[in-house]
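Inspection log for the structure reproduced underneath, given as structure tokens.
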Number of protein chains: 2
Amino acid sequence: MKNRLKVLRAEHDMTQAQLADAANVSRQTINAIEKGKFDPSLPLAFKFSKLFKKPIEDIFQDEEE
Amino acid sequence: MKNRLKVLRAEHDMTQAQLADAANVSRQTINAIEKGKFDPSLPLAFKFSKLFKKPIEDIFQDEEE
DNA sequence: TCTTTTTGTAAAGTTTTGTTTACATTATGA
DNA sequence: TCATAATGTAAACAAAACTTTACAAAAAGA
């Protein structure tokens, strides 16, 4: 699963810490997701969707054929 | 988090076991999600999305204000 | 009604997601 | 250059998602 969090953060001029705060998770969680260490839960994906006002599909892309 | 899995399954005339199979999870996982016991992972949500050819937002609805 | 299929549920265990604390590395800016 | 902010990472732990086995209840069909 790929994601555009880093770019969206840049567009919104936010740090990992600020996004973590807005999404109610730890900064390490944001970092791990951006770095592809793991995928967020569905509820967390919805939070990003709401924060960036974009559908989940615009933020996360499945990468299995 | 609410979901329309049961209805979508009905529309596609699938049993929980068939959906489980198509999504590569156990039947109990499908049942638990339908019953609201827990939310699927984001990757699993994407599988449902692909199977039913509907955006994740059409299948799952966040219910926090 | 009797049989079979489907759904609900539970307990014990594994894997994945997320936290906390802590520190090292890399930008940024004065 | 020096300080500070931002990012990367790691280990130990907690919580949530998911599996397996197993059985009971409900629905559907002959």
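Labels below follow one simple rule: chain letters A, B, ... track the order of the sequence lines, proteins then strands, and each chain is numbered from 1.
As a whole-Å value, the separation of Ile30(A) CD1 from dT20(C) C1' is 16 Å. Atoms CG (Leu44(A)) and P (dT16(C)) sit 18 Å apart, rounded to a whole Å. Leu19(B) places its CG atom 13 Å from the P atom of dC18(D), with the value rounded to the nearest Å. Regarding Phe48(B), its CZ atom lies at a distance of 11 Å from the C1' atom of dC18(D), rounded to whole Å. Phe38(A) has its CZ atom 14 Å from the P atom of dA17(D), to the nearest Å. With rounding to whole Å, Asp21(B) atom CG is found 12 Å from dT19(D) atom P. Rounded to whole Å, the distance from CG on Leu5(A) to C1' on dT17(C) is 15 Å.
A donor-acceptor pair is defined here as one N or O able to donate and one able to accept, closer than 3.5 Å; no such pair exists between the side chain of Asp39(A) and the backbone of Pro43(B). At least one donor-acceptor pair under 3.5 Å links the side chain of Glu57(A) to the backbone N or O of Ile56(B). Remark: side-chain polar atoms of Ser49(A) are paired, donor with acceptor, to backbone N or O of Lys54(A) under 3.5 angstrom. Of the possible polar contacts, none joining the Arg27(B) side chain to the Ala20(B) backbone as a donor-acceptor pair under 3.5 Å is found. The main-chain N or O of Gln61(B) is never found under 3.5 Å from a side-chain atom of Asn3(B) such that the two would form a donor-acceptor pair.
Partner of Glu34(B) under the side chain to side chain donor-acceptor pair (under 3.5 Å) criterion, out of Arg4(B), Gln16(B), Lys6(B): Gln16(B) alone.
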**Message:** At under 4.0 Å between heavy atoms, how does the protein contact nucleotides 5-15 of chain D? Give one character per nucleotide, 5' to 3', with B, S or -.
**Reply:** -SBBBB-----
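When heavy atoms are screened at a 4.0 angstrom cut-off, Ser41(A) is found touching the sugar-phosphate backbone but no base atom.
Residues Arg9(A) and Phe52(A) approach most closely at N-CZ, 4.2 Å, considering heavy atoms. Residues Met14(A) and Gln18(A) share a closest heavy-atom pair of CA-OE1, 3.2 Å.
One finds a side-chain N or O of Thr29(A) lying less than 4.0 angstrom from the OP1 or OP2 phosphate oxygen of dT19(C).
Here ring pair (Phe, Tyr, Trp, His ring centres under 6.0 Å) pairs that include residues 16-43 of chain A, with residues two or more places apart or in two chains, number zero.
Distance from the side chain of Pro40(A) is smallest to dG18(C) among dT17(C), dG18(C), dC18(D).
In the helix from dT1(C)-dA30(D) to dA30(C)-dT1(D), the rotation axis of the first five pairs and that of the last five pairs differ in direction by 50°, rounded to 10 degrees.
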